[in-house]
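Following: one structure in C-alpha cells, then a few remarks.
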Amino acid sequence: MSLINATPSITVTTDLIRLELNGTTVMLEPDLSLSGLLVVNNIDVASVAIVVNDTVIPRSGWQHIQCQANDRINVFSAVAGG
C-alpha cells in the first residue's frame, strides 16, 4: 500500500472594498453589514450612532445595510455633559 502525497490547490480570491471609516480609508470584505463593521472594528454598539454618506442610519437597519465601496461611514459616540 502506498500513500499519495497530494497538496490540494486552493485559490482564494477576495475582492476587498475600499471605504472611509471616521476619516480613515479601510479595506473590508464585501457583504459586511454595518453591524459587522462595528464588530470587526471592536466598536461597542451600546451608545453609538452611524452616519453613512451624510444619512443617519437607524439602529434597526444596521444588520440589513451592507457596506458599499466608496461609502463614507462615521460612527459617533454619545457623550454625557454639556
Side-chain angles (χ1 to χ4, degrees):
M1 179 193 233
S2 66
L3 296 175
I4 299 173
N5 186 6
T7 304
S9 176
I10 300 173
T11 303
V12 177
T13 304
T14 304
D15 294 324
L16 299 176
I17 61 170
R18 178 188 311 257
L19 56 84
E20 186 178 297
L21 176 61
N22 291 344
T24 302
T25 299
V26 295
M27 303 295 288
L28 299 171
E29 298 287 329
D31 301 324
L32 186 66
S33 68
L34 292 175
S35 293
L37 176 69
L38 297 177
V39 170
V40 166
N41 287 281
N42 297 316
I43 299 172
D44 183 14
V45 301
S47 59
V48 296
I50 300 177
V51 177
V52 178
N53 302 324
D54 301 321
T55 301
V56 176
I57 306 300
R59 186 176 299 267
S60 61
W62 293 0
Q63 291 182 353
H64 309 289
I65 296 176
Q66 304 296 315
C67 297
Q68 302 294 317
N70 303 313
D71 274 348
R72 290 180 331 277
I73 301 174
N74 289 292
V75 179
F76 295 93
S77 179
V79 178

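Keep in mind it's a predicted model, so treat the numbers as computed, not measured.
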* Asked: Do Cys67 and Leu34 have side-chain heavy atoms sitting under 4.5 Å apart?
  -> yes

* Just how far is it from atom OG1 of Thr55 to atom CD1 of Ile73, taken to the nearest 0.5 Å? -> 11.5 Å

* Look at the side-chain heavy atoms of Ile, Leu, Val, Met, Phe, Trp and Tyr, link any pair under 4.5 Å apart, and say whether Val48 and Leu32 land in one connected group. => yes

* At their closest point, which heavy atom of Asn74 faces which heavy atom of Asn22, and how far apart are they? -> CA-OD1, 3.1 Å

* To do: Enter the distance from Ser33:OG to Gln63:CD here, rounded to the nearest 0.5 Å.
  => 7.0 Å

* Between Val75 and Val40, is there a shared hydrophobic cluster once you connect ILVMFWY residues whose side-chain heavy atoms come closer than 4.5 Å? -> yes

* To do: Would you give the length of the straight line joining atom CG of Asn53 to atom CG of Asn70, rounded to the nearest 0.5 angstrom?
  => 9.0 Å

* Asked: Could you give all pairs that pass the salt bridge (charged side-chain N to carboxylate O under 4.0 Å, His left out) test and reach residues 35-54, with sequence neighbours left out?
  -> Asp54-Arg72

* Structure fact -> Residues at least two apart in sequence or cross-chain that pass salt bridge (Lys or Arg N to Asp or Glu O under 4.0 Å) with Arg18, listed by chain then number, are none

* Test side-chain contact (heavy atoms from CB on, under 4.5 Å) applied to Val45 - qualifying residues, sequence neighbours left out -> Leu38, Arg59, Trp62

* Structure fact -> dist Asp71:CG -> Ile65:CD1 (nearest 0.5 Å) comes out at 9.5 Å

* To do: Check each of Leu16, Ile17, Leu21 against Leu28 using the side-chain contact (heavy atoms from CB on, under 4.5 Å) test, and report the only one that passes.
  => Ile17

